[in-house]
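Inspection log for the structure reproduced underneath, given as structure tokens.
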Protein chains: 2
Amino acid sequence: MASSYAQNFPPGLEMIRQGDPADFLHIVLEGSVELLAQWGGRECTMAVVRPVSTFILAASIRDAPYLMSARTLERTRIILVPSSDLRAMFRRDTEFSVSVINELAAGYRSVVRNAKTLKLRNSRERVASYLLHQSLLAGGAASYILPVEKRLLASYLGMTPENLSRTLKVLESDGLKMDGARVIITDREKLTALAQPDKLIDGPDSAGNESGAGLPTSHI
Amino acid sequence: MASSYAQNFPPGLEMIRQGDPADFLHIVLEGSVELLAQWGGRECTMAVVRPVSTFILAASIRDAPYLMSARTLERTRIILVPSSDLRAMFRRDTEFSVSVINELAAGYRSVVRNAKTLKLRNSRERVASYLLHQSLLAGGAASYILPVEKRLLASYLGMTPENLSRTLKVLESDGLKMDGARVIITDREKLTALAQPDKLIDGPDSAGNESGAGLPTSHI
DNA sequence: CTGATGAATTGATATTTATCAATCAGGAAA
DNA sequence: TTTCCTGATTGATAAATATCAATTCATCAG
């Protein structure tokens, strides 16, 4: 991996455009990166990647085009590993292969969970379970600050910012209180009854592949 | 893999229940299997697996609970490989590991495509692109038979059967004609303009992981 | 402190999608 | 052939969600 190198990116830069050849595996060292999908003029947030995680692992492995674009949310430091080096390593280091297998399998399951939420829950339920899940990541705190802008959160949850705003308002009769970006869970039981958290959707998985970050790590 | 064995299942049997421990990797030899997700009384189809494909690979690798249930659609013959044997193989056979890495990466990308369709396209667009994609799998035929029941297709596409039925009717003014389970594309250009097929959503991927089957193969 | 900028909220409305109920159609079994 | 069952369709309606427009709010540069 001698030819790997680190690089800094300014905020708001679309560093990867979906469809481009996956020449490098990316590893976030500092900052955060939004993974987004575009189609016919529309776009939506698929995940936010925070240190230390890889992204677009699957594309690098298959030497295939990126399925998502990547845009820095803040100043971000990233290591770039040539995909060909990555693939060459599989035949040199068995333990490395096993690690990659595990990482891929974990990521895979993470996307499946995501798809389950999208198909089985309506937007109110998605919001409620997201907020409860974040509370858990914050050590079960009843109050915490949203790790991402609401606009981005709305896109991640598959809804419009307006709809998220109204949904948060509606949830005030179900044990939630918002104060700007601050979340206050006033009645955890009530909110939980509505969100119906589920191990097979919200985790945790045996190995934690969500490193306290705002949105699940993903690997194209 | 000496302790693997084949088994036959009757139609309509829920052979795997989500949440169960993933003791076996499953390989479909004959028949077809529906992968479905359940939550709070609701359920939806995530994929249909046809021969010859594995499913629940990721769960087997991580020794984690299945994220989806599996139900036979017809009489089905399946090989069961103990997950522990599978994991042991990684350290014995490098080429096997590389194959699994590629299989996982392909499956991963397949689920991401799925999530993109769900988030970026509305139901009419999902239906149109599904039908065009199937036409492609049928060698570009203008007419073919739906490979699955409409009820199941609706669930897979994230809509109700009623909505699918109405959507198919609406599409008759956009180059489509239905006759029972038969699809007839009367104006491919018009339908294509509506569906806006996209390589990064509808494939094909470099390696074909959809073996002419009805719905994309998936591996929990 | 002030203006400018983008996010967030709110209201009004339209569109999409689901739900419920009632047929209708087609295939399997008697 | 007839019966029965399940899936498919259709209609009427309700609920969920998006869109568009107008403020309000927060933050940051000057």
Side-chain angles (χ1 to χ4, degrees), chain A residues 10-12 34 39-45 48 71 73-75 117-128 130-131 145-174 176-183 194 214, chain B residues 10-12 34 39-45 48 71 73-75 117-128 130-131 145-174 176-183 194 214:
Chain A
E34 174 191 8
W39 179 79
R42 300 171 211 168
E43 77 170 49
C44 72
T45 303
V48 170
R71 180 194 294 149
L73 290 174
E74 49 195 316
R75 187 183 166 285
T117 273
L118 287 172
K119 290 185 86 166
L120 290 169
R121 300 209 255 229
N122 63 27
S123 61
R124 186 162 39 110
E125 292 159 344
R126 290 199 298 276
V127 171
Y130 174 84
L131 294 176
I145 303 287
L146 281 180
V148 291
E149 282 182 355
K150 288 181 185 170
R151 186 177 65 86
L152 192 149
L153 177 58
S155 177
Y156 172 69
L157 294 174
M159 55 202 295
T160 59
E162 295 95 327
N163 194 14
L164 173 60
S165 189
R166 284 186 247 267
T167 300
L168 289 173
K169 187 130 290 183
V170 166
L171 287 177
E172 299 206 342
S173 56
D174 293 289
L176 182 75
K177 182 80 183 55
M178 293 298 298
D179 178 21
R182 174 163 292 279
V183 179
L194 198 148
Chain B
E34 174 191 7
W39 179 78
R42 299 171 212 169
E43 78 170 48
C44 71
T45 302
V48 170
R71 181 194 294 148
L73 290 174
E74 50 195 315
R75 187 181 167 284
T117 273
L118 286 172
K119 291 186 86 167
L120 290 168
R121 301 209 254 230
N122 63 27
S123 61
R124 187 163 37 111
E125 291 158 345
R126 291 199 297 278
V127 171
Y130 173 84
L131 294 176
I145 303 288
L146 281 180
V148 291
E149 282 181 354
K150 287 183 184 169
R151 184 178 66 86
L152 192 148
L153 177 58
S155 176
Y156 173 70
L157 293 174
M159 56 202 293
T160 59
E162 294 95 327
N163 194 13
L164 173 60
S165 190
R166 282 186 248 268
T167 300
L168 289 173
K169 187 132 291 184
V170 165
L171 286 177
E172 298 205 342
S173 56
D174 293 289
L176 182 75
K177 183 79 184 54
M178 293 298 298
D179 177 21
R182 173 164 293 279
V183 179
L194 197 148

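Sequence lines set the chain letters: A, B, ... in the order given, protein chains first and strands last, and positions in each chain run from 1. Keep in mind it's a predicted model, so treat the numbers as computed, not measured.
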(request) Map A/R166 and A/R124 onto DNA chain D by nearest heavy atom, then report which one ends up closer to the 5' terminus. (result) A/R124
(message) Any side-chain N or O of A/K150 below 4.0 angstrom from OP1/OP2 of C/dA7?
(response) no
(message) Expressed as a whole number of angstroms, how long is the span from B/M178:CE to C/dG26:P?
(response) 13 Å
(request) Tell me which nucleotide among C/dA21, D/dA8, C/dA8 gets nearest to the side chain of A/E149. (result) C/dA8
(request) For A/L153 and C/dA8, give me the distance from atom CG to atom P, rounded to whole Å. (result) 9 Å
(request) Could you state the atom-to-atom distance from CZ of A/R42 to C1' of D/dA18 in whole Å? (result) 11 Å
(message) Using the side-chain heavy atoms of B/M159, tell me which of these nucleotides is nearest: C/dT10, D/dA8, C/dA18.
(response) C/dA18
(request) Round to the nearest Å and state the distance from B/L146 atom CG to D/dT9 atom P. (result) 10 Å
(message) If I take atom CG in residue A/N163 and atom C1' in nucleotide C/dT10, what distance separates them, rounded to the nearest angstrom?
(response) 13 Å
(message) Using OP1 and OP2 only, check whether a side-chain N or O of B/S123 sits under 4.0 Å from C/dT17.
(response) yes
(request) Using only side-chain N and O atoms of B/T160, determine if any of them is under 4.0 Å from OP1 or OP2 of C/dA18. (result) yes
(message) Measure CD/A/E162 against C1'/C/dA14 and give the value in whole Å, please.
(response) 14 Å
(message) Using whole Å, what does the distance between atom P of nucleotide C/dT9 and atom CG of A/L168 come to?
(response) 7 Å
(request) Look at the side-chain N and O atoms of B/K169 and state whether any lies under 4.0 Å from the OP1 or OP2 oxygen of D/dT9. (result) no
(request) Would you mind reporting whether A/R126 and A/L118 have side-chain heavy atoms less than 4.5 Å apart? (result) yes
(request) Quick one: pull up OH in A/Y130 and CG in A/L146 and give me the separation to the nearest 0.5 Å. (result) 6.0 Å
(request) State the CD-OG1 distance between A/E125 and A/T117, to the nearest 0.5 angstrom. (result) 9.5 Å
(request) Could you tell me the separation between the NZ atom of A/K119 and the CG atom of B/L157, rounded to the nearest 0.5 Å? (result) 7.0 Å
(request) Report the distance from atom CG of A/L164 to atom C1' of C/dA7, rounded to the nearest whole Å. (result) 12 Å
(request) Check whether any side-chain heavy atom of B/D174 sits under 4.5 Å from a side-chain heavy atom of B/L171, and report yes or no. (result) yes
